[in-house]
Asker: 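First, the structure itself, so that you have it in front of you.
Atoms within each ligand, like the ligands themselves, are counted from 1 in listed order. The figures here come from the full heavy-atom set of this structure, side chains too, leaving out hydrogens, waters and symmetry mates. Here, residue 1 is the first one in the sequence, and each next residue gets the next number.
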Amino acid sequence: MDLGTFETLLVEQDGDALVVTVNRPSAMNALAGQVIADLETLTLAVESQVGSDGRWPVKGIIVTGAGDKAFVAGADIVEMQSMSPDEGEAYSRRMQGVTERLEALPLPVIAAVNGFALGGGCELAMACDWIYASDNARFGQPEVSLGLVPGFGGSVRMARRVGAAMARELIFTGRMVKADEALRIGLVNRVYADPAALLEGAKATVAELATKSPVAVAACKALMSEVAPLPVPEGLDREAQAFRRAFETEDKVEGVRAFVAKEKPAFPGR
Ligand SMILES: CCCCCCCCCCCCC[C@H](O)CC(=O)SCCNC(=O)CCNC(=O)[C@H](O)C(C)(C)COP(=O)(O)OP(=O)(O)OC[C@H]1O[C@@H](n2cnc3c(N)ncnc32)[C@H](O)[C@@H]1OP(=O)(O)O
């Protein structure tokens, strides 16, 4: 999957996984303007290559950070020093757009948090479908320590992950959360011993996802985003509509056929 080259990202296909590494280790992989621009370009390029059917070159995306100290330590504070309020809002909205595109991609996106995920880094991770972490990972929204508020979606997404009361405590205090607490409060799905094991674990999950119907996985992602804010009755109605659409796919025919024939399905991806 050729997505071009980027100044601040390493992008490589590893089997069924597209691995995206934020690559500014000297600055704890902080989100400078160039990183935001590269992430914007990357998400647009992925969108253009994952067409309407499920025959995509990869079956999952892994987002991680270079080195073993930081995933992403937030927006670049040095660059923020000279920013005007208008520029701040513009970059906030620009990176929010990146997070929305990640959520809209028809592919599972896994955050492999290999160290500090603070501020915009924690927000980037929460825009992914789920988070795996290494034991050295630390999460937090320390914007209040800078006289700021979260600006890349943390005020919206944190509560949906850990509940309103815990989200308020973490955002109001700005305190750091270790990997084991992040697992306990539901921010993280799995914790691995170290960054190497974390990346291998994330790749193993993508390999597992690759054995499923890509059309069905994409439909589940879209459906769960669609029904999340809805009242139960309306959500159930959308689910029934999605179930009907699944019945119209070739993947459904193949999946059911293979089960009855006691074979592994070879999903056509449409
Ligand atoms: C012109 C275009 C500009 C666009 C860019 C900005 C985008 C606009 C922003 C709008 C919306 C922002 C929304 C977001 O919610 C807000 C934030 O993310 S605010 C930032 C939140 N993050 C933090 O507060 C963490 C700051 N870092 C730390 O607390 C510590 O560095 C650490 C992560 C706990 C690690 O501590 P140490 O192990 O002691 O390491 P150092 O502190 O010495 O760090 C090493 C090295 O990295 C530099 N660095 C670390 N974090 C950042 C950072 N966030 N920005 C810039 N640089 C960072 C640190 O300065 C050191 O550099 P050195 O001194 O070695 O040159």
Asker: Ile61 pairs by side-chain contact (heavy atoms from CB on, under 4.5 Å) with which of Val109, Ile110, Val206?
Answerer: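 Testing Ile61 for a side-chain contact (heavy atoms from CB on, under 4.5 Å) against Val109, Ile110, Val206 leaves exactly one candidate, Val109.
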Asker: Can you check atom 5 (C) of ligand 1: any protein non-hydrogen atom closer than 4.0 Å?
Answerer: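 Yes, at least one protein heavy atom sits under 4.0 Å from atom 5 (C) of ligand 1.
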Asker: Provide the number and element of each atom of ligand 1 under 4.0 Å from a heavy atom of Pro150.
Answerer: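 Going through ligand 1 atom by atom, the ones under 4.0 Å from Pro150 are 15 (O).
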Asker: Sub-3.5 Å donor-acceptor pair from the side chain of Asp194 to the main-chain atoms of Ala197, do we have one?
Answerer: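 A pair under 3.5 Å: yes.
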Asker: Salt bridge or not between Lys59 and Glu208? Use side-chain N to carboxylate O under 4.0 Å.
Answerer: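 Salt bridge between Lys59 and Glu208, a charged N being under 4.0 Å from a carboxylate O: no.
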Asker: At a non-hydrogen distance cut-off of under 4.0 Å, which region of Met95 contacts ligand 1 (side chain, backbone, both, or neither)?
Answerer: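 Neither part.
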Asker: Give the numbers and elements of all ligand 1 atoms closer than 4.0 Å to a heavy atom of Met80.
Answerer: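 Those atoms are 6 (C), 9 (C), 19 (S).
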Asker: Keeping Arg138 on the side-chain end and Met176 on the backbone end, is there a donor-acceptor pair under 3.5 Å?
Answerer: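 Answer holds: no.
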Asker: Hey, does Val98 have a side-chain heavy atom less than 4.5 Å from the side chain of Met95?
Answerer: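 The answer is yes, as the side chains (C-beta and beyond) meet within the 4.5 Å cut-off.
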Asker: Determine whether the side chains of Asp251 and Thr249 contain a donor N or O and an acceptor N or O closer than 3.5 Å.
Answerer: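 Short answer, no.
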Asker: Just jot down the ligand 1 atoms closer than 4.0 angstrom to any heavy atom of Leu31, in number order.
Answerer: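 Once the distances to Leu31 are compared, the set is 5 (C), 6 (C).
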Asker: Quick check: Gly33 and ligand 1, any N/O pair under 3.5 Å apart?
Answerer: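 In fact, backbone or side chain, Gly33 has no N or O that close.
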Asker: Please identify which atoms of ligand 1 are closer than 4.0 Å to at least one heavy atom of Pro142.
Answerer: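 Within the 4.0 Å cut-off of Pro142, ligand 1 contributes 21 (C), 22 (N), 23 (C), 24 (O).
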Asker: Drop me the distance from Ser155's OG to Glu143's CD, to the nearest 0.5 angstrom.
Answerer: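 CD of Glu143 is found 9.5 Å from OG of Ser155.
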Asker: Considering only the protein, which heavy-atom contact is closest to atom 26 (C) of ligand 1, and what is its distance?
Answerer: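 I find the closest protein heavy atom is Ile77 CD1, 3.7 Å.
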Asker: When you compare the side chain of Leu9 with that of Leu42, does any pair of heavy atoms fall below 4.5 Å?
Answerer: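 With C-beta onward as the side chain, the pair touches.
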Asker: Hey, is atom 66 (O) of ligand 1 touched by any protein heavy atom at less than 4.0 Å?
Answerer: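 Given the 4.0 Å limit, the answer for atom 66 (O) of ligand 1 is no, no protein heavy atom qualifies.
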Asker: Any chance CD of Glu7 has more than 12 other-residue heavy atoms, nucleotides or ligands included, within less than 6.0 Å?
Answerer: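 Open: at most 12 neighbouring heavy atoms sit under 6.0 Å from CD of Glu7.
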Asker: With only distance considered, is Gly151 within less than 3.5 Å of ligand 1 through an N or O on each side?
Answerer: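 Yes, since at least one N or O of Gly151 sits under 3.5 Å from an N or O of ligand 1.
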Asker: Quick one: look up the protein heavy atom nearest atom 48 (C) of ligand 1 and list residue, atom name and how far away it is.
Answerer: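 I find the closest protein heavy atom is Ala27 CA, 4.0 Å.
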Asker: Between Gly154, Gly119, Gly140, Ala73, flag the one that comes closest to atom 22 (N) of ligand 1 by a heavy atom.
Answerer: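 Looking at heavy atoms only, Ala73 sits closest to atom 22 (N) of ligand 1.
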Asker: With no hydrogens and no angle check, just 3.5 Å: does a side-chain donor-acceptor pair link Asp38 and Thr8?
Answerer: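 Asp38 vs Thr8: donor-acceptor pair found between side chains.
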Asker: Under 4.0 Å from atom 39 (O) of ligand 1, is there at least one protein heavy atom?
Answerer: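 No, no protein heavy atom sits under 4.0 Å from atom 39 (O) of ligand 1.
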Asker: Who's the nearest protein heavy-atom neighbour of atom 29 (O) of ligand 1, and how far?
Answerer: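 For this ligand atom, the closest protein heavy atom is Leu118 CD1, 4.4 Å.
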Asker: Are Lys221 and Glu103 within salt-bridge range, i.e. N to O under 4.0 Å?
Answerer: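 No, this pair does not count.
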Asker: Checking contacts now, so for atom 24 (O) of ligand 1, which I'm interested in, is there any protein heavy atom under 4.0 Å?
Answerer: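 At least one protein heavy atom is under 4.0 Å away.
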Asker: Considering only the protein, which heavy-atom contact is closest to atom 10 (C) of ligand 1, and what is its distance?
Answerer: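 Nearest neighbour among protein heavy atoms for atom 10 (C) of ligand 1, to 0.1 Å: Gly88 O, 3.8 Å.
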Asker: Is Lys69 near ligand 1, meaning one of its heavy atoms is under 4.0 Å from it?
Answerer: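 So Lys69 counts as touching ligand 1.
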Asker: Closer than 4.0 Å and a protein heavy atom, does any atom meet both conditions relative to atom 42 (O) of ligand 1?
Answerer: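 Within 4.0 Å of atom 42 (O) of ligand 1, no protein heavy atoms are found.
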Asker: Are there protein heavy-atom neighbours of atom 60 (O) of ligand 1 below 4.0 Å?
Answerer: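 False for atom 60 (O) of ligand 1.
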Asker: Go through the steps to decide whether Val156 and Arg160 satisfy the test side-chain contact (heavy atoms from CB on, under 4.5 Å), and finish with yes or no.
Answerer: CA-CA 7 Å; Val156 178; Arg160 295 171 192 225; 3.8 Å; yes
Asker: Considering Phe152, Phe116, Tyr91, which one's heavy-atom position lies nearest to atom 11 (C) of ligand 1?
Answerer: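 Nearest option to atom 11 (C) of ligand 1, by heavy atoms: Phe152.
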Asker: What atoms of ligand 1 come within less than 4.0 Å of a heavy atom belonging to Ala30?
Answerer: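 In order of numbering, the contacting atoms are 53 (C), 54 (N), 55 (N), 56 (C).
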Asker: Closer than 4.0 Å to some heavy atom of Ser26 - which atoms of ligand 1 meet that?
Answerer: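 What qualifies from ligand 1 is 46 (C), 47 (O).
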Asker: Only heavy atoms of Glu123, strictly under 4.0 Å: list the atoms of ligand 1 that pass.
Answerer: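 Near Glu123, the atoms of ligand 1 are 14 (C), 15 (O).
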Asker: Looking only at distances, can you tell me whether any N or O atom of Glu79, backbone or side chain, sits closer than 3.5 Å to an N or O atom of ligand 1?
Answerer: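 N/O-N/O distance below 3.5 Å does not exist for this pair.
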Asker: For atom 35 (C) of ligand 1, state whether the nearest protein heavy atom is under 4.0 Å away.
Answerer: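 Yes, because at least one protein heavy atom sits under 4.0 Å from atom 35 (C) of ligand 1.
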Asker: If you apply the rule side-chain hydrogen bond (donor to acceptor under 3.5 Å, both in side chains), what do you find for Asn23 with Thr21, and how did you get there?
Answerer: CA-CA 6 Å; Asn23 188 31; Thr21 304; over 6 Å; no
Asker: Could you tell me whether Glu40 and Arg94 have a side-chain N and a carboxylate O separated by less than 4.0 Å?
Answerer: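 Salt bridge present between Glu40 and Arg94.
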Asker: Taking only Lys NZ, Arg NE, NH1 and NH2, and the carboxylate oxygens of Asp or Glu, determine whether Asp135 and Lys178 approach each other closer than 4.0 Å.
Answerer: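 Between Lys178 and Asp135 there is no salt bridge, as every charged N stays at least 4.0 Å from the carboxylate O atoms.
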Asker: Got a second to check how far Leu18's CG is from Gln49's CD, nearest 0.5 Å?
Answerer: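 One gets 9.5 Å once the value is rounded to the nearest 0.5 Å.
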Asker: Could you tell me the residue and atom name of the protein heavy atom closest to atom 31 (O) of ligand 1, and the distance to it rounded to 0.1 Å?
Answerer: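 Result for atom 31 (O) of ligand 1: Met28 CG, 4.4 Å.
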Asker: State the atoms of ligand 1, each with its element, that fall below the 4.0 Å cut-off from a heavy-atom position in Leu146.
Answerer: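 Ligand 1 atoms under the 4.0 Å threshold to Leu146: 19 (S), 20 (C), 24 (O).
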Asker: Under 4.0 Å from atom 14 (C) of ligand 1, is there any protein heavy atom?
Answerer: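 Under the 4.0 Å cut-off, atom 14 (C) of ligand 1 does have protein heavy-atom neighbours.
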Asker: Before signing off on this row, confirm whether Leu148 and ligand 1 have an N or O atom pair separated by under 3.5 Å.
Answerer: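 There is no such contact.
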Asker: Tell me which one of Glu250, Glu248, Glu254 satisfies salt bridge (charged side-chain N to carboxylate O under 4.0 Å, His left out) with Arg270.
Answerer: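 Exactly one pass, corresponding to Glu250.
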